[in-house]
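Please read all numbers here as calculations on a predicted model, not as lab measurements. Order of the sequence lines fixes the chain letters, A, B, ..., with proteins taken first and strands second; residue numbering starts at 1 for each chain.
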Number of protein chains: 2
Amino acid sequence: MTSSELPAGFQFAGVACGIKPSGKPDLSLIVGDNRLVASGVYTQNQVVAAPVEICRSLTPSKRIRAVVTNSGNANACTGRQGELDAAEMCRSVADAISASEAEVLVMSTGIIGKKMPMDRVNAGIKNSVAKLGRDIDDFTAAADAILTTDKERKAECREVKLGDQTIRIAAMAKGAGMISPNLATMLAVVMTDAQLDPQQSQRILREVASKSFNCVSVDGHTSTNDTLLLLSSGASGIRIDDSNEKAFIRALTDLSCRLARELVADGEGATHVMKIRVVGADDDASAATIARTIGASPLVKTAISGGDPNWGRIVSAAGYADAKINPQQTSLKLAGTEIYHNGVPTDFDAAAVSKAIKATKEVDLDLFVGNGPGTAIHWASDLTVEYVRFNSEYTT
Amino acid sequence: MTSSELPAGFQFAGVACGIKPSGKPDLSLIVGDNRLVASGVYTQNQVVAAPVEICRSLTPSKRIRAVVTNSGNANACTGRQGELDAAEMCRSVADAISASEAEVLVMSTGIIGKKMPMDRVNAGIKNSVAKLGRDIDDFTAAADAILTTDKERKAECREVKLGDQTIRIAAMAKGAGMISPNLATMLAVVMTDAQLDPQQSQRILREVASKSFNCVSVDGHTSTNDTLLLLSSGASGIRIDDSNEKAFIRALTDLSCRLARELVADGEGATHVMKIRVVGADDDASAATIARTIGASPLVKTAISGGDPNWGRIVSAAGYADAKINPQQTSLKLAGTEIYHNGVPTDFDAAAVSKAIKATKEVDLDLFVGNGPGTAIHWASDLTVEYVRFNSEYTT
């Protein structure tokens, strides 16, 4: 990644303001040179953190100036005080960049049920505004400050050719695994210097999400704070229209998939990513339901972590998914070998398939469930002793 | 349990016929002195084992003479040969007791995708018919022969007073946990010497199941073989009608709940049973959905196994259930202490609640989600390192 690949019209900063006891970066700021078009998709959980309520009420919009994110405290299940604190974060940023409160979006991630340390947050906001910059180091600093127990930074940027024109896209994300001692969150911001209008941005973001961030799971637990934003500055002067929208969506989806898969690979205790491809379902939604059900099965997850070519667990997980399969036409390839064909296991070499699973970080599960047109891909982590150990640790 | 508490009109046997490499009992037989009224509820999985197809086609019925069950091989995903083998088991029993093939029900549990060793099965059937008896030891032998990796026998019998009359009920069950190397099954047979007609039996069984065996989960994986049967001999001469049906259902439900909870307590690696009670949902079905979702959350399960009073995981699991909750009216008692009240955590003594969780085998989770009339109870096991270790073991 280089500074020249970053979308024009954005500045970035990331600082440590003392929300995290570790002293790691915990305050991240993205500011537009001018007003940004912004859209968002949010957690489906009915228990919703205060920052999500603010973002929901403000997007889609063509007048967003900034996004402030803190890590270390989710500001969830914090009642009326939490709402006031989230609004204060927006106002604090707005004051510092001469904008209005309703032009600032806010995201939070970390421990839930704890009051926000607003003195530190406000000091962090002032500090981050002073540090805003356009270099790749500023971008990565902003990306680092949204992480919680993630082991790796998740950030990407690149130039994209749309015909003979060039735009830039970038994205940062954090942890899909639910995290001790309470729970964490998927946060992601996708940015571009292409020109979009708000409704178009919202529509494109939904489509991109449905093929990237909505296709991954670690433990199936939907957080109170999940937020995905799309920000466009228009600074490239290149308008997205019928002529280039398909290519634009493909580039955004590709970038988002990369980050989404990194989220799974970095899932708590994960040793494998399962790439679950379902073919032949009644429709794409049915295929996605089947793939997601397989990815959520503890028995499938443990089999993969143990290198066990256990077709029975995979096929029966598909069988209890809330979508139709044809058992007599169900076949399964695992790590490239067909181990189940039209309703019965094949005479496969179990030791060889086990070896193939153990030898790879990303394991292919290709399931054929009938003759329908529906297909889907889902990425899920496996389930290890380390996941359980990590999530049952409690030291009272 | 004593022989006099067993329902009249039934004989039992359990033998080892060599399906299990361990040499443990693996062939179980229940025979009626006369024709039995029988009803059944079966797996919701779309991948269905051959024995389940036979039972489904034959129940409800008033002419069942016997139920034969083998453990060690599930006869699932075995194609046409599996159908022939299941039918042969029925015919083999029918020949030995002078009945017809369509008067015999069959259940199987164990490894899937392997051909049944029919020579051994047929020899076992002959041997078990020769050993049929009415003593409590015969009953427990039959109950032992349906077990797979269960650590404990699950069998109960008792006398029930209906007004001034006495009937008897008995039940046997096996393992709810999905079991290495493939998957296992919940099998249960409930028996009585009361008189029922077939449609009444079916209706009563559905009601009993919905409040007992359908209210438990270990890992949420629905097997290909799950079967619950209700057999009535009528040998007590006491007819179940409007005057005594409610009391009869209550007694059956109570007995079934005892066995269902034993299934959870004996779940693979389980150290706690979570008794999840949801109150205030829109209706009972919504409450059941919320309770089941909490019980299936790996994060809730790991928190309980670690003695962590983690209200965030429990409340957010309720929040992503496919049923409405009112977040501002959501409150939670854990192990008797209110730790979350109307949308925010209380100032509870975390160390004391943690100690209370660790001190008990059955942990109460009482969740209030609004002002609706819906309530439900669900029992689920916790998730431990031992579960993952057991299910990811594979020694190719």
Side-chain angles (χ1 to χ4, degrees), chain A residues 43-48 76-79 111-113 178 181-183 219-224 296-299 302-313 315-321 324-325 327 330 340 343-345 350-351 354-355 383-385 387-394 396, chain B residues 43-48 76-79 111-113 178 180-183 219-224 296-299 302-303 305-313 315-321 324-325 327 330 340 343-345 350-351 354-355 383-385 387-394 396:
Chain A
T43 180
Q44 296 298 304
N45 203 307
Q46 299 171 81
V47 179
V48 173
C77 301
T78 42
I111 192 166
I112 77 174
M178 306 295 291
N182 276 296
L183 59 118
D219 53 22
H221 203 109
T222 307
S223 120
T224 51
S297 161
L299 282 170
T302 48
I304 297 301
S305 77
D308 180 359
N310 197 315
W311 55 268
R313 295 183 185 175
V315 169
S316 64
Y320 71 74
K324 214 185 84 195
I325 69 166
T330 294
Y340 191 78
V344 289
S354 177
K355 212 171 151 190
L383 175 60
T384 63
V385 164
Y387 174 93
V388 177
R389 196 170 280 144
F390 185 63
N391 281 296
S392 56
E393 254 172 27
Y394 185 71
T396 305
Chain B
T43 180
Q44 297 297 303
N45 203 308
Q46 299 171 82
V47 179
V48 172
C77 302
T78 42
I111 191 167
I112 78 174
M178 305 295 290
S180 174
N182 276 294
L183 58 117
D219 54 25
H221 203 110
T222 306
S223 118
T224 51
S297 161
L299 282 169
T302 48
S305 77
D308 179 0
N310 196 315
W311 55 267
R313 295 183 185 177
V315 169
S316 63
Y320 72 74
K324 215 186 83 193
I325 68 167
T330 295
Y340 191 77
V344 288
S354 176
K355 212 171 150 187
L383 175 59
T384 63
V385 164
Y387 174 92
V388 176
R389 197 168 280 144
F390 185 64
N391 281 297
S392 55
E393 254 172 29
Y394 184 70
T396 305

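Considering only heavy-atom pairs separated by less than 4.5 Å from chain A, the leading option among B:A76, B:A317, B:A303, B:S305 is B:A317. The most heavy-atom pairs under 4.5 Å with chain B, out of A:T78, A:L383, A:N45, come from A:N45. Between chain B and the options A:V315, A:I304, A:V344, the largest number of non-hydrogen pairs under 4.5 Å is found for A:V344.
With contacts defined as side-chain heavy-atom distances shorter than 4.5 Å, the pair B:V47/A:I325 qualifies. Side-chain contact between A:P327 and B:V48 is absent, with no heavy-atom pair separated by less than 4.5 Å.
With B:S354 contributing its side chain and B:A350 its backbone, the two residues share no donor-acceptor pair below 3.5 Å.
Using a 4.5 Å cut-off between heavy atoms, B:T330 makes no contact with chain A at all. For chain B, no part of A:T43 is nearby; none of its heavy atoms comes within less than 4.5 Å. Contact annotation for B:K324: both backbone and side-chain heavy atoms come within less than 4.5 Å of a heavy atom of chain A.
Taking every heavy atom of both residues into account, B:G307 and B:P309 meet most closely at O-CD, 3.4 Å. Residues B:L299 and B:R313 come closest through the heavy atom pair O-NH1, 2.9 Å.
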